[in-house]
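The structure under discussion appears below in the form of structure tokens.
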Number of protein chains: 4
Amino acid sequence: MGVTMDGTKQQRRGNTRQRIQDVALELFAEQGYEKTSLREIAEHLDVTKAALYYHFKTKEEIIVSLFEDLTQPIQDLIEWGRSQPHTLETKHEILRRYSQALVGAEPLFRFMQENQATVRELRIGDAFKDRMRDLRDIFIDPDAPLVEQVRCISAMFTLHAGMFVMQDVEGDSEKKHEAVLEVAMDLVTQAHQGARKEG
Amino acid sequence: MGVTMDGTKQQRRGNTRQRIQDVALELFAEQGYEKTSLREIAEHLDVTKAALYYHFKTKEEIIVSLFEDLTQPIQDLIEWGRSQPHTLETKHEILRRYSQALVGAEPLFRFMQENQATVRELRIGDAFKDRMRDLRDIFIDPDAPLVEQVRCISAMFTLHAGMFVMQDVEGDSEKKHEAVLEVAMDLVTQAHQGARKEG
Amino acid sequence: MGVTMDGTKQQRRGNTRQRIQDVALELFAEQGYEKTSLREIAEHLDVTKAALYYHFKTKEEIIVSLFEDLTQPIQDLIEWGRSQPHTLETKHEILRRYSQALVGAEPLFRFMQENQATVRELRIGDAFKDRMRDLRDIFIDPDAPLVEQVRCISAMFTLHAGMFVMQDVEGDSEKKHEAVLEVAMDLVTQAHQGARKEG
Amino acid sequence: MGVTMDGTKQQRRGNTRQRIQDVALELFAEQGYEKTSLREIAEHLDVTKAALYYHFKTKEEIIVSLFEDLTQPIQDLIEWGRSQPHTLETKHEILRRYSQALVGAEPLFRFMQENQATVRELRIGDAFKDRMRDLRDIFIDPDAPLVEQVRCISAMFTLHAGMFVMQDVEGDSEKKHEAVLEVAMDLVTQAHQGARKEG
DNA sequence: CATGAATGAGAGTTCATTCAT
DNA sequence: CATGAATGAACTCTCATTCAT
């Protein structure tokens, strides 16, 4: 992600920085942001705490960087969505792409979902909220009946739920993803039809 | 127990334990468990930190007590659900009751949802997980097609989403609740019919 | 020990006070003075901490009372010793009596020996030191050669050691006491003879 | 390692760990382990409490480190003693060496003797007990008559007593040491002869 | 690039003690 | 005689952060 062809200098340079990000995300996702200390991250990497400060000015900046790096695909998705007509087909395509984006940034999203209270107070809190609202705005028609709006929200949450709750439902991982996506698609379709009838 | 007719002093003195719980829940829900210090709770109540320790042995015990006190309705619901036949009507009734239970314990549930990473490490983590699994087990038929199982899970998550995300959707609070419940009911109905067709 | 024939009122009255002393001494001896909290003592007795304060003004007063009650025999011994001629036979008799006094107040002495640093800062510290010096003064002749003085001190310490270190030497308890006393007596005898020769 | 020729700054900066140990031992020996707080130690060194934690993970680790560093000579003595024949001459040599080892680690031993109750609960408690038992085992013949065993124990305790009690006996420090050692040697000699007669 | 050493602030927790009831 | 409720001071320990080297 953001890795250019040329690697020599970047690898040397970017290596530690990236390793910090990797370890930090893993620990943040596992234990939460507050309970993960810089000491712990440093120990996992076999460097000193002070070394972290060479690469990131504060603890907060570590997860800010993670957020920015890993949610780029969703940012792209939103931009793309904005330029599309608000048809059912568009919404289906958004769901498909969003589903994939989630898979790509799973640990971050798990972290964000499980540490909402913390995230809210961090600098990324607003960015995240904005992003979610943007996504909602290209996904939900504010003039549609309330029930149909709920169906759309439900569709998105179904995708989220798919990431975490589904883990302890038995079955092939691939098949579960498909099932989740199918339910979400159905919900949007129903929302679309429901809105039609009203209008 | 030294209870005088007049209530003013009683209120100040007699129910500190409850007041601790109230303030703690409020702050936990707002800022998260880790970021809420006992000093802060004590200051809100105008007592010393040590006073908290007269009523609760540890910080953790405060939220444990909240959890136990406030999730009793859901415990009851699960017990009731177990004794019912696994019909569609039962599931609808469960959704209705669960929806109400959520409203009653909203701050706690908001807290649990927004501090999952923290909760997981606390003593209530397992209790919560167990409770959720029990609920799922009386709600989902493991022999049904995967898609229909997902629909059921989605129904429950729709209720959860209803509590938080819906807050910034415009509309009358009462009506939103109804809409959320309707979507959830629909999902379960569809799941039921889908399962029929297969079998 | 200070218990009169009549017991009714004294027992009621003295009962709790004495029970506090008993439990306190046991815990002090086992864990040390600092590590034993009043909460712990109260819990062992199934009363509240505040109850302890009815019987003793402070924590320190508890061990002061123990000290005063239990070292009376030694106080008596010292007084008796003072009125006797400084003969070898007197010293032997002192050893015999001291040995017995130690047995009677074993837990207290164990406590005093194992918490010297603490005791020193307590009010009993000086009292104890005084008592020990008094004992030494009737036991040691300051004009005797240094080696003989050491022998006398060694005799007394042999009795002390007998209480604690001997516990994990195998053998009948009674016999061990006798052996300890014998060694101590020997040391004093030698000291006496050594002093003679010099003089 | 950044060691400059000049020593002044080095002394301030470079050997904080050692300075902590020195001050800690001094205070522990004077006031006891429990009554000595890390704040106090830090203040004596003119650093913050947190600085102590850079050098030692816990308060306990401070005295563990002291114990390990300062009892090495005794450890060596035990090892040496094990390889020697159990003759009287060996025992005399052990006493001589032990006497010297005690002088070298006087504050630590004073601490251990005056804080036995505390030490027992610390990690060094067992290590100390083991060490003492090992010493006893190379010093005492378990088949000897009880009285002779007591004489040996008494000899060792005489050395211990020599460290503390003798402080307030008047006389030249050097001479006192010699007198103490002489009494201890005598006791062992007598024990040896006593055992002979029996066997 | 990275370390060693340190700090200031604050956390949760425990303690001896007090006092109205 | 004893309790319930509370306090103030202290404790051990952890954290994010800084900076000279």
Side-chain angles (χ1 to χ4, degrees), chain A residues 12-13 15-17 34-42 45-62, chain B residues 1-4 9 12-17 34-42 45-62, chain C residues 12-13 15-17 34-42 45-62, chain D residues 1-4 9 12-17 34-42 45-62:
Chain A
R12 266 246 181 287
R13 200 171 253 275
N15 206 357
T16 303
R17 194 188 143 92
E34 323 269 4
K35 291 206 74 157
T36 303
S37 67
L38 293 186
R39 178 180 54 68
E40 214 176 345
I41 296 175
L45 290 165
D46 218 43
V47 295
T48 47
K49 269 184 294 174
L52 304 184
Y53 278 88
Y54 179 81
H55 297 280
F56 298 94
K57 264 212 287 287
T58 66
K59 185 186 181 187
E60 185 168 352
E61 212 184 64
I62 297 180
Chain B
M1 222 170 266
V3 174
T4 58
K9 235 189 295 185
R12 262 272 134 73
R13 289 258 145 196
N15 51 7
T16 307
R17 193 189 143 94
E34 322 270 2
K35 291 207 71 154
T36 303
S37 69
L38 294 184
R39 178 182 54 71
E40 215 176 345
I41 297 176
L45 291 166
D46 214 45
V47 294
T48 52
K49 272 186 293 170
L52 305 184
Y53 278 90
Y54 177 78
H55 296 280
F56 298 93
K57 269 210 284 285
T58 63
K59 185 186 181 186
E60 182 168 354
E61 215 186 59
I62 297 179
Chain C
R12 267 248 180 286
R13 197 170 254 275
N15 205 355
T16 303
R17 194 188 144 90
E34 322 269 4
K35 291 206 76 157
T36 303
S37 66
L38 294 186
R39 179 179 56 67
E40 213 176 348
I41 296 175
L45 291 165
D46 218 43
V47 294
T48 47
K49 269 184 294 175
L52 304 184
Y53 279 87
Y54 179 82
H55 297 280
F56 298 94
K57 266 213 287 285
T58 66
K59 184 185 182 186
E60 184 168 353
E61 213 184 64
I62 297 180
Chain D
M1 221 172 267
V3 173
T4 58
K9 237 192 292 190
R12 262 272 135 73
R13 291 258 145 197
N15 51 6
T16 307
R17 193 189 144 95
E34 323 268 3
K35 291 206 73 153
T36 303
S37 68
L38 295 184
R39 177 183 54 70
E40 215 175 344
I41 297 175
L45 291 166
D46 214 46
V47 293
T48 53
K49 275 183 291 169
L52 305 185
Y53 278 91
Y54 178 78
H55 295 280
F56 298 93
K57 269 211 283 286
T58 64
K59 184 185 181 186
E60 184 169 352
E61 213 185 62
I62 297 179

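Sequence lines set the chain letters: A, B, ... in the order given, protein chains first and strands last, and positions in each chain run from 1.
In this structure, B:N15 places its CG atom 11 Å from P of F:dA5, rounding to the nearest Å. One interatomic measurement links the two molecules: CD1 of B:I62 to C1' of E:dG12, which rounds to 11 Å at whole-angstrom precision. Here the C1' atom of nucleotide E:dG12 and the CD atom of B:E61 are 14 Å apart, to the nearest Å. For B:F56 and E:dG12, the CZ to C1' distance is 16 Å, given to the nearest whole Å. The separation between D:Y54 atom OH and E:dT3 atom P is 11 Å, rounded to whole Å. Straight-line distance from the CG atom of C:L45 to the P atom of F:dC1: 15 Å, rounded to whole Å. Regarding A:L38, its CG atom lies at a distance of 14 Å from the P atom of E:dT3, rounded to whole Å. Atom CG in D:L52 sits roughly 13 Å away from atom P in F:dC11 (whole-Å rounding).
When each of F:dC13, F:dA6, E:dT3 is scored by its nearest atom to the side-chain atoms of B:H55, the top-ranked nucleotide is F:dA6. Ranking F:dA2, E:dT14, E:dG8 by closeness to the B:A50 side chain, first place goes to E:dT14.
B:F56 approaches B:I62 most closely through the heavy-atom pair CG-CG1, 3.6 Å. For the residue pair A:H55 and A:E61, the shortest heavy atom distance occurs at O-OE1, 4.4 Å. Of all heavy-atom pairs between B:L38 and B:K59, the closest is CD2-CG, 3.8 Å.
For the atom pair CD of D:E40 and CG of D:L45, the computed distance is 11.5 Å after rounding to the nearest 0.5 Å. Interatomic distance, CG of D:L52 versus CZ of D:R39, reported as 12.0 Å (0.5 Å rounding).
Positionally, the nearest nucleotide of DNA chain E for D:D46 lies more toward the 5' end than for the other of D:D46 and B:Y53. Between D:T36 and A:K59, it is D:T36 whose nearest contact on DNA chain F lies nearer the 5' terminus. Between C:E60 and A:A51, the residue whose closest nucleotide on DNA chain E is further toward the 5' end is A:A51. When each of D:E40 and C:T48 is assigned the nucleotide of DNA chain F bearing its nearest heavy atom, the one mapping closer to the 5' terminus is C:T48.
Between F:dT14 and A:S37, no contact under 4.0 Å exists linking OP1 or OP2 to a side-chain N or O. Distances shown here put every side-chain N or O of C:R39 at or beyond 4.0 Å from the OP1 or OP2 atom of E:dT14. Between A:T16 and E:dC1 there is no side-chain polar atom (N or O) within less than 4.0 angstrom of OP1 or OP2.
Remark: the C:K49 side chain and the E:dT17 base include a donor-acceptor N/O pair separated by less than 3.5 Å.
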State the dot-bracket string of DNA chain F. Criteria: Watson-Crick or G-U wobble, both atom distances under 3.5 angstrom; notation: ( ) intrastrand, [ ] crossing earlier pairs, | interstrand, . unpaired.
-> .||||||||||||||||||||
